[in-house]
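Letters go in sequence order (proteins before strands), and every chain restarts at 1.
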There are 2 protein chains.
Amino acid sequence: MGQPPHILVVDDHAQIRESVTRYLAKNGMRATAAKDATDMDAKLAAGHFDLVVLDVMMPGEDGLSACRRLAAEGAVPVIMLTALGEEPDRIAGLEIGADDYLAKPFNPRELLARIRSVLRRSSRGEPLAGKLAGRRVRFEHLVLDTDRQILVDDEQGEIPLTDSEFRLLVVMLERARMVLSRDQLLDLTAGRTAGPLDRTIDNQISRLRRKIEPDVLRPRIIRTVRNGGYCLATDVEEQA
Amino acid sequence: MGQPPHILVVDDHAQIRESVTRYLAKNGMRATAAKDATDMDAKLAAGHFDLVVLDVMMPGEDGLSACRRLAAEGAVPVIMLTALGEEPDRIAGLEIGADDYLAKPFNPRELLARIRSVLRRSSRGEPLAGKLAGRRVRFEHLVLDTDRQILVDDEQGEIPLTDSEFRLLVVMLERARMVLSRDQLLDLTAGRTAGPLDRTIDNQISRLRRKIEPDVLRPRIIRTVRNGGYCLATDVEEQA
DNA sequence: TGGAATTGTAGCGGTTTGTATCAGGCAACC
DNA sequence: GGTTGCCTGATACAAACCGCTACAATTCCA
């Protein structure tokens with residue numbers, strides 16, 4: 001793993017969130033906190049995570065229900081935290097698709113060990129193009145072929161994309177019409193966090209625009225949001 | 001899962017062996033018992049198992065030691081049974097490479113849930129379950145005959161593969177659409193870890209591409225992921 | 001044991017990508 | 001309306017990465 005793994009901690013108790021994220025950060029991981037299932041969904045959409053630590057008891061959507069959703073999607077492994085410690089609940093957690101669980105109160109060291117264990121198991125690579133792997137999608141006058149990593153222009157034919165152009169485009173297509181900050185884009189495409197003078201994303205956007213915008217001086221597909229980031233301002237539809 | 005999973009239960013107490021194997025059999029699994037590490041090795045060599053349930057405390061070779069061996073080999077997932085229930089030991093079990101553990105005395109239903117959880121986890125990333133052996137698979141314009149270690153091109157006929165080309169191709173076919181780092185590939189094909197200037201995998205990819213890519217200059221089947229590794233970007237289907 | 005095939009190592013060169021820098025544009029404020 | 005300051009677009013350059021060839025080491029087999 002080139003980058004330290006990124007963990008999302010979901011718990012409604014602020015104190016637990018903070019102590020856990022701090023402990024994980026101290027032990028060489030990146031940790032982000034979410035306060036409920038809605039927050040979790042937002043964070044998952046906005047960044048890249050290698051594992052989710054999920055509390056069972058939460059206001060709003062239940063932890064078990066949230067876990068079931070994540071497991072069905074299969075994109076990210078889950079460790080459940082249960083305050084009950086009762087067998088039926090513990091078993092329910094596993095049967096629902098959690099990769100592991102831990103009874104509260106727990107030893108942080110043990111949580112860390114379990115996270116490492118689950119990560120080791122699921123350390124095989126992620127799919128290249130995310131949910132778009134193996135598909136072809138159309139937007140405006142272009143069709144992206146994710147297998148061949150090329151764009152097909154309705155008139156001009158094939159346009160090859162470099163790796164970073166391709167990753168950036170895939171990330172934006174998966175989040176069409178959402179405003180994505182440079183930080184988010186850098187996290188999603190390269191899995192790293194930006195330095196203070198980082199113009200990497202600006203540069204890549206510029207290069208990508210040259211390949212997809214009919215009029216580079218007045219970009220329509222990738223719109224700039226001043227002080228916000230960038231936004232793919234077009235509809236995306238799947239192609240047979 | 002076509003076949004019911006086959007579980008090997010290793011414990012020196014005859015009573016536990018029997019009750020566990022009986023319980024697993026009643027719940028749709030095949031279960032076999034072994035009374036110590038030596039017996040375990042014999043059973044593993046004689047047949048195929050999907051998971052090993054391993055007691056920590058055993059006469060002869062220690063359970064932790066046996067677990068370390070199995071984990072190093074990486075062929076089969078392990079669930080440890082510990083009579084102690086003490087944290088330090090539990091953590092040691094995970095750090096040694098066990099996929100999960102359970103403290104005695106345990107609820108058989110929970111053991112079953114954990115077995116299912118680990119099996120689900122370890123089968124998720126292996127679409128063909130590593131059991132490409134003895135099968136024939138098709139991808140793009142090629143059919144790989146694993147028995148003869150030969151590719152059959154739809155038009156050009158048979159293409160022989162060297163050992164390392166074959167191993168590399170099998171590993172990638174088993175993980176189609178996943179991005180595999182050079183480290184992972186070297187580990188999976190040769191069982192060793194890469195040095196700092198190791199270009200072995202690049203070289204083997206290059207040689208393999210020459211045999212399978214219609215246009216070597218623009219590879220379509222095995223794609224390079226800059227800073228990531230390689231990815232087999234095509235569907236793989238089993239052939240009768 | 002000798003020769004052929006296979007596999008690992010070294011190095012060159014092209015491509016891609018991150019960083020630095022400058023120029024233009026938008027907004028706020030006087 | 002002009003000016004100032006920040007933000008973004010574009011260019012240039014340097015470093016990193018990867019493909020390929022050539023060669024050395026190893027293995028395999030007769």
Side-chain angles (χ1 to χ4, degrees), chain A residues 2-3 128 149-151 159-171 179-183 185-231 233, chain B residues 149-151 159-171 179-183 185-213 215-231 233:
Chain A
Q3 285 285 316
L128 177 52
Q149 191 169 320
I150 60 168
L151 282 168
I159 304 172
L161 295 174
T162 71
D163 268 18
S164 63
E165 286 160 2
F166 176 73
R167 271 199 297 269
L168 182 59
L169 183 56
V170 166
V171 162
V179 178
L180 300 165
S181 71
R182 286 156 231 270
D183 277 350
L185 289 169
L186 201 60
D187 182 20
L188 289 164
T189 57
R192 65 195 181 87
T193 49
L197 295 172
D198 206 318
R199 302 291 304 281
T200 302
I201 293 298
D202 299 62
N203 206 336
Q204 288 181 0
I205 291 281
S206 172
R207 285 169 172 144
L208 185 55
R209 273 177 176 158
R210 243 172 276 167
K211 294 195 177 177
I212 69 175
E213 293 286 355
D215 180 2
V216 184
L217 294 180
R218 254 172 304 145
R220 295 190 314 134
I221 301 179
I222 299 181
R223 184 165 303 167
T224 304
V225 180
R226 199 180 166 84
N227 290 315
Y230 297 94
C231 170
Chain B
Q149 192 167 320
I150 271 180
L151 278 170
I159 304 172
L161 294 174
T162 71
D163 280 0
S164 64
E165 285 161 0
F166 177 72
R167 272 199 305 272
L168 181 59
L169 183 56
V170 167
V171 162
V179 179
L180 301 165
S181 71
R182 286 157 231 271
D183 277 351
L185 289 170
L186 200 60
D187 183 22
L188 290 165
T189 57
R192 64 195 179 86
T193 50
L197 295 173
D198 206 319
R199 302 290 302 280
T200 302
I201 293 298
D202 299 59
N203 213 330
Q204 289 182 358
I205 291 281
S206 174
R207 284 168 173 143
L208 185 55
R209 272 177 176 160
R210 241 170 279 167
K211 295 195 178 178
I212 69 175
E213 293 284 356
D215 180 1
V216 183
L217 293 181
R218 278 189 306 157
R220 165 173 165 50
I221 301 178
I222 298 181
R223 223 161 74 194
T224 304
V225 181
R226 190 171 233 259
N227 287 315
Y230 296 94
C231 170

Item checked: Side-chain donor/acceptor of Arg209(B) to backbone N/O of Ile222(B), under 3.5 Å -> yes

Check: Taking any atom under 4.0 angstrom from a heavy atom of chain A, which nucleotides of DNA chain C are the first and last to qualify, 5' to 3'?
Finding: dT16(C) to dC26(C)

Next item on the list: Let me know the distance between CD1 of Ile201(B) and P of dC17(D), rounded to the nearest Å.
Entry: 17 Å

Margin query: Base, sugar-phosphate or nothing for Arg182(A)? Non-hydrogen atoms, less than 4.0 Å.
Written below: sugar-phosphate

Note to self: Expressed as a whole number of angstroms, how long is the span from Asp215(A):CG to dG9(D):P?
What the structure shows: 14 Å

Next item on the list: Might you point out which heavy atoms bring Leu161(A) and Gln149(A) nearest each other, and give the distance in Å?
Entry: O-NE2, 3.1 Å

Next item on the list: For Arg167(B) and for Leu197(B), find the nucleotide of DNA chain C with the closest heavy atom, then tell me which residue's nucleotide is more 5'.
Entry: Arg167(B)

Check: Can you tell me how far CD of Glu165(B) sits from CG of Leu208(B), rounded to the nearest 0.5 angstrom?
Finding: 6.0 Å

Give me, pair by pair, the N or O atoms of the protein and of nucleotides 20-25 of chain D that are less than 3.5 Å apart, along with how far apart they are.
residue	atom	partner	partner atom	Å
dC20(D)	OP2	Ser206(B)	OG	3.2

Next item on the list: May I ask you to evaluate whether Thr224(A) reaches the phosphate of dG9(D), defined as a side-chain N or O under 4.0 Å from OP1 or OP2?
Entry: yes

Notebook entry, point to check: If you round to the nearest 0.5 Å, how far is CZ of Arg223(B) from CD1 of Ile205(B)?
Noted result: 13.5 Å

Item checked: Minimal non-hydrogen separation, Pro160(A) against Ile150(A), with atom names -> CA-CG2, 4.0 Å

Margin query: With rounding to the nearest 0.5 angstrom, report the CZ to OG1 distance, Arg167(A) to Thr189(A).
Written below: 6.5 Å

Checklist line | Whole angstrom value for the distance that separates P of dG9(D) from CG of Leu208(A) | finding: 12 Å

Next item on the list: Could you check Ser164(A) against Arg226(A) and say which one's nearest nucleotide on DNA chain C is further toward the 5' end?
Entry: Ser164(A)

Item checked: Charged N-O contact under 4.0 Å between Arg220(A) and Asp215(A) -> no

Item checked: Polar side chain donor-acceptor pair, Asp198(A) to Thr200(A), under 3.5 angstrom -> yes

Item checked: Axis deviation across the helix from dT1(C)-dA30(D) to dC30(C)-dG1(D), five-pair ends, to the nearest 10° -> 20°

Next item on the list: Rounded to the nearest 0.5 Å, what's the gap from CZ on Arg210(B) to CD1 on Ile212(B)? Could you check?
Entry: 12.5 Å

Check: Asp163(B) CG to dC28(D) P: how many Å, rounded?
Finding: 8 Å

Notebook entry, point to check: Starting at CZ of Arg223(A) and ending at C1' of dC7(D), how long is that distance when rounded to a whole Å?
Noted result: 18 Å

Notebook entry, point to check: Between the side chain of Glu213(A) and the main-chain N/O of Arg218(A), is any donor-acceptor distance below 3.5 Å?
Noted result: no

Check: Tell me: CD of Gln204(A) to P of dA10(D), nearest whole Å?
Finding: 15 Å

Note to self: Under 4.0 Å, counting only non-hydrogen atoms across every strand here, what does Phe166(B) touch: a base, just sugar-phosphate, or nothing?
What the structure shows: nothing

Note to self: Nearest 0.5 Å, please: how far is CD in Gln204(A) from OH in Tyr230(A)?
What the structure shows: 10.5 Å

Check: Is the shortest side-chain N/O distance from Tyr230(A) to OP1 or OP2 of dG9(D) below 4.0 Å?
Finding: yes

Item checked: Approximate separation, where rounding is to 0.5 Å, of Leu188(B) CG and Asp183(B) CG -> 10.5 Å

Checklist line | Euclidean distance, atom CG of residue Asn227(A) to atom C1' of dG9(D) [Å, nearest integer] | finding: 15 Å

